[in-house]
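Here the structure comes first, spelled out in structure tokens, and everything after it is commentary.
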Amino acid sequence: GAGVSQSPSNKVTEKGKDVELRCDPISGHTALYWYRQSLGQGLEFLIYFQGNSAPDKSGLPSDRFSAERTGGSVSTLTIQRTQQEDSAVYLCASSLARYSYEQYFGPGTRLTVT
Amino acid sequence: DQQVKQNSPSLSVQEGRISILNCDYTNSMFDYFLWYKKYPAEGPTFLISISSIKDKNEDGRFTVFLNKSAKHLSLHIVPSQPGDSAVYFCAASAMGGNKLVFGAGTILRVKS
């Protein structure tokens, strides 16, 4: 079956521009997560969705970052006024149930801010 | 403050031998631990997990050991195969929590 998909796979943008990253979770998965991995670092939690609501946004690094999820499916992570420190791989994951620890990851979007 | 630490950035093992990857954690609220494997240009894939009520979980060539008193877990791969060459991430979650806290990863190279 189809796994988690993300688009674009690569994005190069100029400092100060806005970017949108998209995630399509596995069909039927109610929980969706965004993480990012900076060079040489582990995965850093950003935000968690249960359905369309985001009960945990604690990992969003600043108010330039926002995310939404519609129809209990697709999610978009938006970064406004990008900075060079935003350069990272942004990973989306989904899981079947609210407290399912086993999360299925997409291939990620590599964001480079020049 | 790194709550999950993988102190070995890389490990090189001969094919057929045992690979041991280590992970330490600091948060005593963690009650579930997972190992993920990641190939280049792919997302991490779930490998094996263990609940804090157990001290060992085995799945084929992969075994995870948990030492709660030492706040330490390890992943054993035996026998190691060249296809096991990847980055291995240790992750932990607290009871009722949703997010996973990841270590920085260990690059495993299995030489044939």
Side-chain angles (χ1 to χ4, degrees), chain A residues 2-10 21 23-26 29-51 53-60 67 69 88-110, chain B residues 1-10 21-27 29-54 57 59 64 66 73 86-107:
Chain A
V4 177
S5 61
Q6 293 185 244
S7 61
S9 54
N10 280 285
L21 312 179
C23 171
D24 281 273
I26 293 172
H29 280 195
T30 59
L32 185 146
Y33 313 79
W34 283 97
Y35 295 84
R36 74 174 175 182
Q37 184 181 15
S38 302
L39 191 64
Q41 304 295 315
L43 281 72
E44 173 192 6
F45 169 80
L46 297 178
I47 187 170
Y48 154 69
F49 286 92
Q50 179 60 37
S53 63
D56 189 349
K57 306 179 184 179
S58 62
L60 294 178
R69 188 178 185 195
V89 176
Y90 289 81
L91 290 151
C92 175
S94 68
S95 63
L96 187 58
R98 180 170 186 154
Y99 294 119
S100 173
Y101 297 107
E102 294 174 17
Q103 300 175 13
Y104 296 83
F105 283 82
T109 293
R110 180 174 296 278
Chain B
D1 175 32
Q2 279 189 296
Q3 297 186 64
V4 177
K5 298 180 184 179
Q6 293 178 256
N7 292 319
S8 298
S10 64
L21 297 102
N22 294 302
C23 178
D24 297 293
Y25 61 96
T26 57
N27 189 340
M29 298 300 291
F30 289 149
D31 65 342
Y32 202 79
F33 304 89
L34 307 91
W35 285 93
Y36 278 81
K37 174 179 176 180
K38 184 181 184 302
Y39 292 118
E42 295 182 10
T45 56
F46 169 75
L47 193 57
I48 192 168
S49 63
I50 188 167
S51 164
S52 60
I53 63 173
K54 295 186 176 182
N57 188 27
D59 183 2
V64 55
L66 175 63
L73 64 154
V87 180
Y88 288 79
F89 290 99
C90 171
S93 183
M95 184 184 303
N98 305 104
K99 62 187 179 187
L100 296 177
V101 180
F102 283 83
T106 296
I107 300 170

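So you know, we letter chains A, B, ... as the sequences are listed, proteins then strands, and number each from 1. Hydrogens, waters and symmetry mates play no part in the numbers below; they use all other heavy atoms, side chains included.
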What heavy-atom pair brings [X] and [Y] nearest, and what distance separates the two atoms?
X         : Y        : result
Gln37(A)  : Phe89(B) : NE2-CZ, 3.3 Å
Lys99(B)  : Asp56(A) : CD-OD2, 4.0 Å
Leu100(B) : Phe45(A) : O-CB, 4.3 Å
Leu43(A)  : Pro44(B) : CD2-CG, 4.0 Å
Glu102(A) : Tyr32(B) : OE2-OH, 4.0 Å

Practice problem: Could you check which of Gly42(A), Cys92(A), Gly59(A) has the highest count of heavy-atom pairs closer than 4.5 Å to chain B? | Solution: Gly42(A)

Self-check item: Region of Gln6(A) that comes under 4.5 Å of a non-hydrogen atom in chain B
Solution: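 Neither part.
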
Quiz item: Which region of Ser58(A), side chain (C-beta onward) or backbone (N, CA, C, O), has a non-hydrogen atom less than 4.5 Å from a non-hydrogen atom of chain B, or is it both or neither?
Solution: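 When you check distances to chain B, only side chain atoms of Ser58(A) fall under 4.5 Å.
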
Quiz prompt | Segment of Tyr39(B) engaging chain A (4.5 angstrom heavy-atom cut-off) | solution =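 For Tyr39(B), no heavy atom lies under 4.5 Å from chain A.
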
Practice problem: Give, as side chain, backbone, both or neither, the part of Ser49(B) having an atom under 4.5 angstrom from any heavy atom of chain A. | Solution: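 Only the side chain of Ser49(B) comes within 4.5 Å of chain A.
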
Quiz item: For Phe105(A), does the CZ atom have more than 12 heavy-atom neighbours from other residues, nucleotides or ligands under 6.0 Å away?
Solution: yes

